Student: 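Got a structure here, written out as structure tokens. Questions coming.
Remember, predicted model here, so these are calculated numbers, not experimental data. Any value given below was found using the heavy atoms of this structure, including those in side chains, with hydrogens, waters and symmetry copies removed.
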Amino acid sequence: MKRILVLLIGLAGAALAFDPLPPLPNTTGLEAAEQIILEGTNRERAAIGLAPLKPDIRLRAAARLHALDMATREFFSHTSTKPGFETPSDRVHQAGALDFGAGENIAYNEVNPDETGAKLMDQWMNSPPHRASILNKDYTHIGVGVYRRPDGRIYGVQNFVQRLLEVTADTSRSMLELRQVKLEGKVNAGLELALFSGQQFLGMVKTDATGGFSRLLEYNAGQTMQLGWRKVGTNAAFMTQATLTIPSAFAVGAVQVQVQRGAPYTVTASLESKREDTFTLELRFPNANKAVILFEQVGNDETRIQAQNGLIRSRCVVGSARKAMKIGYGNGNYTITHQFVMDCRTGMLEPGAER
């Protein structure tokens with residue numbers, strides 16, 4: 001169901017469509033070393049009954065980026081001083097992946113290029129913490145990067161992630177006519193409110209010191225929502241005593257809310273329309289076979305968006321507050337698979353919390 005009218009498209013672009021680093025020159029033979037490391041890693045895993053790691057071009061870009069950085073700036077560490085690339089998670093994110101909590105192996109040697117792959121594998125397998133990363137049963141994907149300095153020193157990097165859910169992300173900037181539902185009202189002292197659409201939890205409703213509340217929601221033609229209440233500090237189920245069905249035809253003005261007698265709150269609803277310079281984030285989940293939900297946090301306010309047909313859209317006004325985001329994957333009990341922040345000044349996505 002189309003909910004917005006695009007009036008003017010401007011500065012359209014992909015916030016995470018980073019191209020991987022260019023291939024290393026074929027004359028170095030280091031692409032072959034990367035393949036030897038990939039095959040050696042999966043051979044070691046197979047020997048103890050673990051599933052092979054899937055090669056990923058974004059993780060390979062991150063690995064090559066760090067190998068190049070260490071070689072050209074002559075340091076050896078998992079931590080870089082390059083802004084935005086300080087940690088393995090930062091580098092994986094900058095390479096276009098939303099994964100967080102990336103594992104990383106690094107090593108260097110000065111053997112002949114044709115011996116590099118085997119030598120790096122020996123170094124890692126003979127080191128308990130590096131071996132543990134290679135044989136970590138939770139990892140699912142890998143990227144390998146190798147770079148050789150002019151003086152012959154060779155740096156190798158492996159990046160690992162556990163990826164339960166494939167995600168691609170793009171952000172565009174548009175002048176939109178936003179169609180919204182505005183809820184306003186007041187709740188009795190000592191109670192808290194939450195919104196539902198059928199069995200779907202839409203988030204808590206923030207109230208001020210007097211119990212007043214105002215909440216904006218996207219217009220979704222035909223959607224039915226319920227407003228529930230319970231005592232603050234309890235884990236009791238919410239009692240729903242107000243129901244709102246969004247009109248199928250949009251028209252600015254008041255919308256009727258059915259409130260049961262004795263409800264401990266008052267609530268009114270209206271449809272509003274306004275134009276705003278807006279960033280729209282599209283998250284796609286091409287192979288999801290379970291439910292996907294996006295948790296958005298702005299200050300103390302949380303919003304939940306359920307994926308529809310493998311797609312979630314999130315929007316923010318250009319220049320507004322940053323949004324902390326988490327993706328949950330599952331059926332009822334969600335596993336958090338990705339965490340990141342959307343900067344509403346630039347439309348870019350930034351790494352979130354570590355695992």
Student: Table please: side-chain donor-acceptor pairs of residues 193-206 below 3.5 Å, with sequence neighbours left out.
Tutor:
from: S197; atom 1: OG; to: Q223; atom 2: NE2; distance (Å): 3.4
from: S197; atom 1: OG; to: T224; atom 2: O; distance (Å): 3.0

Student: Provide the full list of disulfide (SG to SG under 2.5 Å) pairs with a residue in residues 270-318, sequence neighbours left out, each pair given once.
Tutor: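 Passing the test, one end in residues 270-318: C316-C344.
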Student: Minimum heavy-atom separation for S80 to K82, with atom names?
Tutor: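 In this case the closest contact between S80 and K82 is OG-N, 3.0 Å.
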Student: State which residues pass salt bridge (Lys or Arg N to Asp or Glu O under 4.0 Å) with E276; sequence neighbours excluded, sorted by chain then number.
Tutor: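 Result, salt bridge (Lys or Arg N to Asp or Glu O under 4.0 Å) vs E276: K274.
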Student: Please give me the minimum heavy-atom distance between P88 and H78, naming the atom from each residue.
Tutor: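 Nearest pair, atom of P88 first, then H78: CD-O, 3.8 Å.
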Student: Tell me, please, which residues at least two apart from T41 pass side chain to side chain donor-acceptor pair (under 3.5 Å).
Tutor: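 Counting only residues at least two positions away or on another chain, T41 forms a side chain to side chain donor-acceptor pair (under 3.5 Å) with Q158.
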Student: Would you confirm whether D343, through its side chain, and R345, through its main-chain N or O, come within 3.5 Å as a donor-acceptor pair?
Tutor: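 Yes, the answer is positive, given that a donor and an acceptor are paired below the 3.5 Å cut-off.
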Student: Please list, chain by chain and in numerical order, all residues satisfying salt bridge (Lys or Arg N to Asp or Glu O under 4.0 Å) with R261, sequence neighbours excluded.
Tutor: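 Expected list: none.
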Student: Ignoring hydrogens and geometry, is there a side-chain-to-backbone donor-acceptor pair from D208 to G212 under 3.5 Å?
Tutor: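 Looks like yes, one N/O pair under 3.5 Å.
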Student: State plainly whether one hydrophobic cluster holds both I37 and V157, where clusters connect Ile, Leu, Val, Met, Phe, Trp and Tyr through side-chain heavy atoms under 4.5 angstrom apart.
Tutor: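 No, I37 does not connect to V157 through the hydrophobic network.
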Student: Do side-chain atoms of S174 reach the backbone of L176 as a donor and acceptor pair under 3.5 angstrom?
Tutor: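 No, because the side chain of S174 does not come within donor-acceptor range (under 3.5 Å) of the backbone of L176.
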Student: For residues M225 and L217, determine if any side-chain heavy atom of one lies less than 4.5 Å from a side-chain heavy atom of the other.
Tutor: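 Answer yes - side chains close enough.
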Student: Salt bridge between E218 and R313, side-chain N to carboxylate O under 4.0 Å?
Tutor: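 No, E218 and R313 are not salt-bridged.
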Student: Flag the pair E282 / L311 as yes when at least one side-chain heavy-atom distance between them is below 4.5 Å, and no otherwise.
Tutor: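 Answer yes - side chains close enough.
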Student: Considering only heavy atoms from C-beta outward, does the side chain of Q123 approach that of L120 to under 4.5 Å?
Tutor: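 They are in contact (side-chain heavy atoms under 4.5 Å apart), so the answer is yes.
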Student: What verdict does the salt bridge (Lys or Arg N to Asp or Glu O under 4.0 Å) test give for E166 and R58, after you've listed the backbone C-alpha separation in whole Å, the side-chain angles of each residue and the deciding distance to 0.1 Å?
Tutor: CA-CA 12 Å; E166 290 286 350; R58 294 164 293 180; 3.4 Å; yes
Student: Please report the closest heavy-atom contact between G84 and D90, naming both atoms and the distance.
Tutor: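 Closest heavy-atom pair between G84 and D90: O-CB, 3.4 Å.
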Student: How long is the gap from CG on L65 to CE on M70, to the nearest 0.5 Å?
Tutor: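 Rounded to the nearest 0.5 Å, the CG-CE separation comes out at 10.0 Å.
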Student: Rounded to the nearest 0.5 Å, how far apart are CG of L30 and CD1 of I36?
Tutor: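 That separation rounds to 10.0 Å.
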Student: Where do L244 and L183 land on the side chain to side chain contact (heavy atoms under 4.5 Å, CB included) test, with the steps shown first?
Tutor: CA-CA 10 Å; L244 165 68; L183 299 180; 3.7 Å; yes
Student: Does V257 belong to the same Ile/Leu/Val/Met/Phe/Trp/Tyr cluster as V187, with side-chain heavy atoms less than 4.5 Å apart forming each link?
Tutor: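 Yes: a chain of side-chain contacts under 4.5 Å links V257 to V187.
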Student: With ILVMFWY side chains joined below 4.5 Å, transitively, what does V161's cluster contain besides itself?
Tutor: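 Joined to V161, directly or through intermediates: L59, V92.
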Student: Of all heavy-atom pairs between Q306 and A291, which one has the smallest distance, and what is that distance?
Tutor: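 Here Q306 and A291 meet closest at NE2-CB, 3.5 Å.
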Student: Just jot down the side chain to side chain donor-acceptor pair (under 3.5 Å) partners of D277, sequence neighbours excluded, or say none.
Tutor: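 With sequence neighbours excluded, D277 shows a side chain to side chain donor-acceptor pair (under 3.5 Å) to R173, given in chain and number order.
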Student: Could you give the distance from CG (N333) to OH (Y329), rounded to the nearest 0.5 Å?
Tutor: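 That separation rounds to 14.5 Å.
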Student: What closest approach, in Å, do L165 and A288 show between heavy atoms, and which atom pair accounts for it?
Tutor: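 Shortest heavy-atom contact: CD1-CB, 3.7 Å.
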Student: Using 30° and 60° as the class boundaries, would you call the ring planes of Y108 and F76 parallel, tilted or perpendicular?
Tutor: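 Ring orientation, 0 to 90° scale: perpendicular.
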Student: Spell out, as yes or no, whether a donor-acceptor pair under 3.5 Å connects the side chain of T335 to the backbone of T337.
Tutor: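 Pair absent, no side-chain N/O of T335 close to backbone of T337.
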Student: What is the distance from atom CG of N42 to atom CD1 of I142, rounded to the nearest 0.5 Å?
Tutor: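 Here the rounded value is 7.0 Å.
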Student: Holding to side chain to side chain donor-acceptor pair (under 3.5 Å), I want the full list of residues that pass it with S214, two or more places apart in sequence or in another chain.
Tutor: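 Expected list: none.
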Student: Show the atom names and distances, to 0.1 Å, of all donor-acceptor pairs under 3.5 Å that link a side chain in residues 264-272 to residues at least two apart or in another chain.
Tutor:
from: Y265; atom 1: OH; to: L227; atom 2: O; distance (Å): 2.7
from: Y265; atom 1: OH; to: Q241; atom 2: N; distance (Å): 3.3
from: Y265; atom 1: OH; to: A242; atom 2: N; distance (Å): 3.1
from: T266; atom 1: OG1; to: K186; atom 2: N; distance (Å): 3.4

Student: Is there a path from M125 to I106 through hydrophobic residues (I, L, V, M, F, W, Y) whose side chains come within less than 4.5 Å of each other?
Tutor: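 Cluster IDs for M125 and I106 differ.
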Student: Could you tell me if N159 and Y139 have a donor-acceptor pair between their side chains, going purely by distance under 3.5 Å?
Tutor: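 No, because no side-chain N or O of Y139 sits under 3.5 Å from a partner of the opposite role on N159.
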Student: If you apply the rule side chain to side chain contact (heavy atoms under 4.5 Å, CB included), what do you find for S273 with L178, and how did you get there?
Tutor: CA-CA 6 Å; S273 176; L178 298 181; over 6 Å; no
Student: What is the minimum heavy-atom distance between S248 and Y219, and which atoms define it?
Tutor: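 Here S248 and Y219 meet closest at O-OH, 3.1 Å.
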Student: Run the salt bridge (Lys or Arg N to Asp or Glu O under 4.0 Å) test on R230 and E192 for me, step by step, so that the C-alpha distance in whole Å, both residues' side-chain angles and the decisive distance to 0.1 Å come before the verdict.
Tutor: CA-CA 6 Å; R230 70 182 180 188; E192 60 183 1; 2.7 Å; yes
Student: Say whether L50 and W124 are linked into one hydrophobic cluster, either directly or through other cluster members, by side-chain heavy-atom distances under 4.5 angstrom.
Tutor: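 As far as the 4.5 Å side-chain criterion goes, W124 and L50 are connected within one cluster.
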Student: Tell me, do T116 and V146 make a side-chain contact under 4.5 Å, heavy atoms counted?
Tutor: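 Heavy-atom side-chain distance check passes, below 4.5 Å.
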Student: Kindly write out the residues that satisfy side chain to side chain donor-acceptor pair (under 3.5 Å) with R43, not counting sequence neighbours, or none if the list is empty.
Tutor: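 Per chain and number, R43 pairs via side chain to side chain donor-acceptor pair (under 3.5 Å) with no residue.
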Student: Indicate yes or no: at least one non-hydrogen side-chain atom of R284 is less than 4.5 angstrom from one of V167.
Tutor: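 No; the side chains remain at least 4.5 Å from each other.
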Student: Run the side-chain donor-acceptor check on residues 128-138: report pairs under 3.5 Å with partners two or more places apart or on a different chain.
Tutor:
from: H130; atom 1: ND1; to: S127; atom 2: OG; distance (Å): 2.6
from: S133; atom 1: OG; to: P129; atom 2: O; distance (Å): 3.4
from: N136; atom 1: OD1; to: D138; atom 2: N; distance (Å): 2.8

Student: Would you kindly say whether T81 and R73 are connected by a side-chain donor-acceptor distance under 3.5 Å?
Tutor: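 Their side chains do contain a donor-acceptor pair, which is all the 3.5 Å distance test asks for.
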Student: Taking it one step at a time, do L281 and R315 satisfy side chain to side chain contact (heavy atoms under 4.5 Å, CB included)?
Tutor: CA-CA 6 Å; L281 168 66; R315 301 180 182 89; over 6 Å; no
Student: Check the hydrophobic clustering (I, L, V, M, F, W, Y; side-chain heavy atoms under 4.5 Å; chains of links allowed) and say if I246 and V259 are grouped together.
Tutor: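 Yes; V259 is reachable from I246 via cluster members.
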Student: Passes side chain to side chain contact (heavy atoms under 4.5 Å, CB included), V292 versus Y334? Steps please.
Tutor: CA-CA 8 Å; V292 182; Y334 293 99; over 6 Å; no
Student: List in chain and number order the residues that pass side-chain contact (heavy atoms from CB on, under 4.5 Å) with R149, two or more places apart in sequence or in another chain; answer none if no residue qualifies.
Tutor: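 If we apply the side-chain contact (heavy atoms from CB on, under 4.5 Å) test to R149, skipping adjacent residues, the hits are A71, E74, D151, R153, Y155.
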Student: Does any donor atom in the side chain of T140 or K54 lie under 3.5 Å from an acceptor atom in the other side chain?
Tutor: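 Distance-only check fails for T140 and K54.
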Student: Please report the interatomic distance CG(L98) to OG1(T168), rounded to the nearest 0.5 Å.
Tutor: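 These two atoms lie 8.5 Å from each other.
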Student: How long is the gap from CD on E177 to CZ on F250, to the nearest 0.5 Å?
Tutor: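 Answer rounded to 0.5 Å: 7.0 Å.
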Student: Output yes when R215 and E302 qualify as a salt bridge under the 4.0 Å nitrogen-oxygen rule, no when they do not.
Tutor: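 No, R215 and E302 are not salt-bridged.
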Student: For the backbone of F213 and the side chain of T207, can you confirm whether one donor and one acceptor N or O come within less than 3.5 Å of each other?
Tutor: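 Absent.
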Student: Is it true that R91 and E104 have a side-chain N and a carboxylate O under 4.0 angstrom from each other?
Tutor: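 Answer for the salt bridge query: yes.
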